[in-house]
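Beneath this line is the structure, given in structure tokens, with notes to follow.
Both ligands and their constituent atoms are indexed starting at 1 by order of listing. This structure is a prediction, so every number in the text was calculated from the model and none was measured.
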Amino acid sequence: MKPKQNLIGLSLVELEKFFISMDEKKFRAHQVFNWIHSKGVIDFSKMTNLSKNLVHKLEENSYIKTPKVVNTIKSNDGTVKYLLKLDEEAFIEMVTIPEKKRITLCVSSQAGCALQCSFCATGYHGFKRNLDSSEIISQLWIANFSNPKGRLISNVVFMGMGEPLLNTNNVLNSISVMQDQKGYALSRKRITLSTSGVVPALKTIAKKTNVALAISLHAPSDDLRDELVPINQKYPIESLINAAKYYLSKQNKKDTVTIEYILIKNKNDSLIHAKKLAKILSELKCKINLIPFNSFTGSNLEQSSQKSIDDFKNFLISKSFITTVRRTRGDEVDGACGQLVGALLNPKKGKRRHKNSINLQTI
Ligand code: SAH
Ligand code: SF4
């Protein structure tokens, strides 16, 4: 017997195939997709336009399940951090960040991360497993529908736990559900994929998706980036910038890449670094988002001073780069970039145990 399928993770095309495999009409797939992703209904028996027979058949062959929310913490600025249980072993976090005109959801694509960037709590706590597409899309479902009075999510950023381009298929599948007009109908610019630079995967997705791209650069030279973002040893800066250019070449002419650059005291925050950065980015259509480093237990790195941040920013602006400094949101609940470390209650000791991490700012 075929294993039952979790329908929440299927794209519309996959759901159509599933219905056809049950000898049902395609349009039934559209109805169910709409119930799940537009109306937030995941109980087959409440899908009022399905016959009893079909409901029975669906229950026999499939199910619809989201991970359980085991904790939520709200910060004074309205940021909410959710702790989700995927299974006995794996927990992830997601964060909603309200702003005047939008509400952004920061999603995780992996439980943990294997890439071990030296400034990141997720990497520090190691890799558990990839999320499947139902676990990724469930984050958006939960953010939209678990609170009937809540505002609908307007933007999604893949800046939570994990490296999305090491889980490419499931990430692309979940993006197709996010973009589907019958689902969440998020336009391409409202979804941002952030990567530390898995160059071959970045080239592969260039033709398969059209979401906004953010590159976690963090250093202007290979020797420093090898240390901060170890995947650079495999895919150095030049290859990454070329891959970003290639990605742009497959997108709309006006698109730009966002370059993320964490400012860490006495590491990468001098004017010499800023000058090198301006030089290596001179031929890439990009804007730069500076991120004051957020500390976490176990790290001995420090945030740059306000003066260094201002000087760095002003230099880049003087070189005509659109440059912003990411506002820290939710840090009093460990909800800021790289701080969210799955503050999971250890049931035995009743203490907070740092397990995984998430980063939450909008860009
Ligand atoms: N793996 C992907 C996406 C998740 S990380 C990537 O690296 O891009 C999302 C963003 O948060 C990245 O720009 C990452 O560098 C940043 N980040 C990680 N740890 C941080 C910290 N301690 N302080 C500030 N930003 C951090
Ligand atoms: Fe992984 Fe991104 Fe953290 Fe690096 S910054 S360890 S790639 S989650």
Give the numbers and elements of all ligand 2 atoms closer than 4.0 Å to a heavy atom of [X].
{"X": "Gln116", "value": "6 (S)"}
{"X": "Leu115", "value": "7 (S)"}
{"X": "Gly123", "value": "6 (S)"}
{"X": "Ser196", "value": "7 (S)"}

Give the numbers and elements of all ligand 1 atoms closer than 4.0 Å to a heavy atom of [X].
{"X": "Cys120", "result": "18 (C), 19 (N)"}
{"X": "Ile262", "result": "15 (O), 17 (N), 20 (C), 24 (C), 25 (N), 26 (C)"}
{"X": "His218", "result": "13 (O), 14 (C), 15 (O)"}
{"X": "Thr195", "result": "6 (C), 8 (O)"}
{"X": "Ser196", "result": "6 (C), 7 (O), 8 (O)"}
{"X": "Phe158", "result": "3 (C)"}

Side-chain heavy-atom pair [X], [Y] within 4.5 angstrom cut-off:
{"X": "Met47", "Y": "Val55", "value": "no"}
{"X": "Gln303", "Y": "Asn294", "value": "yes"}
{"X": "Ile42", "Y": "Trp141", "value": "yes"}
{"X": "Leu281", "Y": "Tyr261", "value": "no"}
{"X": "Ser308", "Y": "Lys265", "value": "no"}
{"X": "Phe119", "Y": "Ser299", "value": "no"}

Out of [options], indicate the one that has the non-hydrogen atom closest to [atom].
{"atom": "atom 12 (C) of ligand 1", "options": "Gly162, Gly123, Ser216", "answer": "Ser216"}
{"atom": "atom 3 (Fe) of ligand 2", "options": "Pro230, Ser194, Ala121, Cys120", "answer": "Cys120"}
{"atom": "atom 4 (Fe) of ligand 2", "options": "Ser109, Cys117, Gly160", "answer": "Cys117"}

Proximity of Glu163 to ligand 1 by residue part, where a heavy atom lies under 4.0 Å
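Looking at Glu163 and ligand 1, atoms from backbone and side chain both fall under 4.0 Å.
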
At under 4.0 Å between heavy atoms, is it the side chain or the backbone of Leu115 that contacts ligand 1, or both, or neither?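 Under 4.0 Å from ligand 1, Leu115 contributes no heavy atoms.
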
Just to verify, which of Ile191, Leu140, Val156, Val157 counts as forming a side chain to side chain contact (heavy atoms under 4.5 Å, CB included) with Val107?
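Option passing the side chain to side chain contact (heavy atoms under 4.5 Å, CB included) with Val107: Val156.
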
Against ligand 2, does Gly162 come closer than 4.0 Å with any heavy atom?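 The answer is yes: ligand 2 sits under 4.0 Å from a heavy atom of Gly162.
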
Q | Met159 N/O to ligand 1 N/O under 3.5 Å | A |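 No; the residue has no nitrogen or oxygen that sits under 3.5 Å from a nitrogen or oxygen of the ligand.
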
Between ligand 1 and Asn294, is the shortest N or O to N or O distance under 3.5 Å?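 Between Asn294 and ligand 1, an N or O pair is found under 3.5 Å apart.
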
TODO: Determine whether any heavy atom of Gly160 lies closer than 4.0 Å to an atom of ligand 1.
DONE: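 Checking ligand 1 against Gly160, which is what was asked, there is a heavy-atom contact under 4.0 Å.
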
Using a distance-only test with no angle check, is there a side-chain donor-acceptor pair under 3.5 angstrom linking [X] and [Y]?
{"X": "Ser51", "Y": "Asn53", "answer": "no"}
{"X": "Asn232", "Y": "Asp226", "answer": "yes"}
{"X": "Ser109", "Y": "Glu163", "answer": "no"}

I'd like to know if the side chain of Asp269 and the backbone of Asn266 have a donor-acceptor N/O pair within less than 3.5 Å.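 Present.
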
Inset, instruction - Would you confirm whether Asn268, through its side chain, and His218, through its main-chain N or O, come within 3.5 Å as a donor-acceptor pair? - result: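 Yes, Asn268 side chain to His218 backbone: donor-acceptor pair under 3.5 Å.
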
Suppose we only count N/O/S atoms under 2.8 Å; would Cys113 qualify as near atom 1 (Fe) of ligand 2?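 Looking at Cys113, which is the residue asked about, there is an N, O or S atom under 2.8 Å from atom 1 (Fe) of ligand 2.
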
